[in-house]
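For clarity, every value in this text was computed on a predicted model and none was experimentally measured. Order of the sequence lines sets the chain letters (A, B, ...), proteins ahead of strands, with each chain counted from 1. Just the heavy atoms: all of them, side chains too, but no hydrogens, waters or symmetry mates, feed the values below.
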Amino acid sequence: MSNTPHEPTNSPSDAAPEVRPLNFIEQIVEQDNAGGKWGVWADGPAKGLAKVQTRFPPEPNGYLHLGHAKSICLNYGLAQKYGGKFNLRFDDTNPAKEEQEYVDAIKDDVRWLTSAFGGSFDSGPNAGGLYFASDYFGKMYEYAVALIKTGHAYVCELSAEEVAKRRGNPSVPATSPFRDRPASESLKLFDEMRRGVHADGSMTLRAKIDLASPNFNLRDPVLYRILHEHHHNTGDAWCIYAMYDWAHGIEDSLENVTHSICTLEFENHKPLYDWFMRAINDAVEVEGKRGASKLGAGSTSIGGSGPVGTEGRVVWHSQQIEFAKFKPTYTLLSKRNLLKMVQEKFVSGWDDPRMPTLRGVRRRGYPASALRAVCEDVGVTKVESVIDVTRIENAVRDVLNRTAPRAMSVLRPVKVVIENWPAGHVEMLDFVIMPEDSNAAEGGNAKPAQTRKIPFSGTLFIEQEDFMEVAPKKYFRLAIGQEVRLRWAYFIKAISVVKDASGNITQINATYDPATKGGDAPAGPNGEPARKVKGTLHWVSAEHAVDAEVRLFDRLFKTEEPGKATGEWKDDLNPNSLEVVRAKIDPHLTSAKVGDTFQFERLGYFRVDEDSKPGAMVFNRTVTLKDDWAKQVGKS
RNA sequence: UGGGGAUUGGUGUAACGGUAGCACGACUGACUCUGACUCAGUUAGUCAAGGUUCAAAUCCUUGAUCCCCAGCCA
């Protein structure tokens, strides 16, 4: 390709690749990087590069779902884009709800999803590592003591009910009779709380902020509650546990997180997040002056010659940024309700292929890269938007179309007998596994189509809906007297049907044209154009086909926003979200392994399910192919 | 009734005082040995009303609608 110098330089071939505009978080990151706000990486391959440290902080009290996928992709994507690090951090501060089972599942899910970025939290250039809030319990306790000493916190002996009663309202301030007790007294009680002297619920450590604040989060929030619970990580070492607001900023600080990204409902918590970090900085400075350097910045300082934290202080103070959740239509995405669906057996488990959990969609056959693509596609904003689920399905189709080998299987079989086929004869025909990639073809990189052999005989199965005795207008499929192509095989024409007592078609009798072998009619002897046919059907040879179970999924809910109308999502459950059929599949598929995904031509994408056993395969329909004909039929 | 957010075609998202653009969908058509894929075209929008300005999606005022907040959950 030669470029003529006279031509404008914006021809498609040399135009700059179309770049997506930066989302608002990327804009913040780039401004921070340009201003040197967070300093640079001190060592490692990114040495000298502006520091970008993100994290995904799940609570291990449930399974990850599509909503979490957006957060993971955002945080991992940022780390990757700016040469930074991504941490997986378990926010395990409430042992009453958390379990090891969830920790293991979440690690596995994050690994799976981030494989779409070519890495994970513990592998690849952006691996920041695995962390637990519970590893920081000691530091959190030290900081809490420092806050008490500096008059920023006190032990409150009000019961939960009393606190609620005294919470006040927008115009009436809250109250606590313990607010002004001396620090020495709080210190003593807090120590007792820690040592297990006091019962659950008998007292809390509260921050001394503003009982009259219109933001209720600032009305002296609880830092610690007493919980005599066994913790999956720390066992029985603690019986007081930090609350989210107290714990989270410290976790971010200890990991030198630069951008602490969370969802919109935490916007009201940001003043508290920042208040705590300033209070800790105050306390640490005071301690430093006293010469008691136990609280010294240590690992939490940025160090080196770079700037020091957002507030110009000693202890790292991350920046909280909020974005809108991922909310697909026809889907429920709250851990509480998903748990209920599992417990009340509306689904078979957390990994039911109809579930919007990462495990569910993975089992169904959604590729991680498709999820990444959707997240990229919908963008990141503070607008609470609703995403059409079909966008996810389209992203899945887009990936699978490029990656899934083709096969032919018949979901709802009806027998076809080729009357003029030589009795007992079996012919092996070429079947194209992967069509040429038309995208690649444009770039001149078309990979030649690969083929394998499939058996053809005089008795076949085709799809019931591919035959009608009388073809309506625009029906291109098989009908009496109407000729169609059997994919990669022959043209056939239906002659007659056999019906059972109740009028159901049990057999179609047809004839084939031997001259159309491979699926094309020859040109006429005098160069006349070859005979064309409008329809092409998928098929399997009856004596070779293998029986298999195929699970067809529909959406779990009938309405775009489950529960919107009545307040109860159970009212909107789709009773027909699962259909199981006995299909006739290509014998070649019996060698497929769990997780393998195929396109069953003209039907959709299908993944071999974990329930498969030798000789009894089970396929999940991941998603159908788009179907213009069904759309037309639906309209009329 | 207090505080915090948000509002651009059907949906998602750009435009940061200077031509309202992109993607998805939908619709037409082309192509096709998958009614798929691909390709071409069409469609349709600044929450409302005032104001500032040569010029407003963008700035100001007033209002509307939606979301979040009074857990010892995260």
Colleague: Show me, range against range, the stems involving RNA chain B, built from at least 3 consecutive Watson-Crick or G-U pairs below 3.5 Å.
Modeller: B:2-7 with B:64-69, B:10-13 with B:21-24, B:25-30 with B:38-43, B:47-51 with B:59-63
Colleague: Counting just side-chain N and O atoms, does A:R225 come under 4.0 Å of either OP1 or OP2 of B:A74?
Modeller: yes
Colleague: From the list B:C24, B:G12, B:G2, which nucleotide is the closest neighbour of the side chain of A:N394?
Modeller: B:C24
Colleague: Measure from the side-chain heavy atoms of A:Y475 and tell me the nearest of B:C67, B:G35, B:U7.
Modeller: B:G35
Colleague: Rounding to an integer number of angstrom, what distance separates B:C69 and B:U1 when you compare their C1' atoms?
Modeller: 15 Å
Colleague: Between A:E463 and A:R477, does a salt bridge (Lys or Arg N to Asp or Glu O under 4.0 Å) hold up when you go through it step by step?
Modeller: CA-CA 10 Å; A:E463 214 67 57; A:R477 283 113 101 141; over 6 Å; no
Colleague: Measuring only the P atom in each nucleotide, how far is B:U13 from B:A6? A whole number of Å is fine.
Modeller: 13 Å
Colleague: Using a heavy-atom cut-off of 4.0 Å across all strands, would you classify A:D520 as base, sugar-phosphate, or nothing?
Modeller: base
Colleague: Given B:C68, B:C72, B:G12, which nucleotide is nearest the side-chain atoms of A:R391?
Modeller: B:G12
Colleague: Determine the Euclidean distance between corresponding P atoms of B:A36 and B:C31; express it in Å to zero decimal places.
Modeller: 14 Å
Colleague: Which nucleotide, B:G35, B:G12, B:A70, lies nearest any side-chain atom of A:V378?
Modeller: B:G12
Colleague: Does the B:A74 base have a donor-acceptor partner in the side chain of A:H269 within less than 3.5 Å?
Modeller: yes
Colleague: Please evaluate the base of B:U13 for a donor-acceptor partner in the side chain of A:R20 within a cut-off of under 3.5 Å?
Modeller: no
Colleague: Rounded to whole angstrom, note down the C1' distance from B:C39 over to B:U32.
Modeller: 12 Å
Colleague: B:C68 base to A:N268 side chain: any donor-acceptor pair below 3.5 Å?
Modeller: yes
Colleague: OP1 or OP2 of B:C37 less than 4.0 angstrom from a side-chain nitrogen or oxygen of A:K626, does that happen here?
Modeller: yes
Colleague: Nearest to the side chain of A:D628 - B:A36, B:U34, B:A74?
Modeller: B:A36
Colleague: What one-letter contact string describes nucleotides 14-19 of chain B from 5' to 3', where B marks a base within less than 4.0 Å of any protein heavy atom, S marks contact via sugar-phosphate atoms alone, and - marks no contact?
Modeller: SSB---
Colleague: Applying a 4.0 Å non-hydrogen cut-off, can you work out what A:S385 is touching in the nucleic acid: base, sugar-phosphate, or nothing?
Modeller: sugar-phosphate
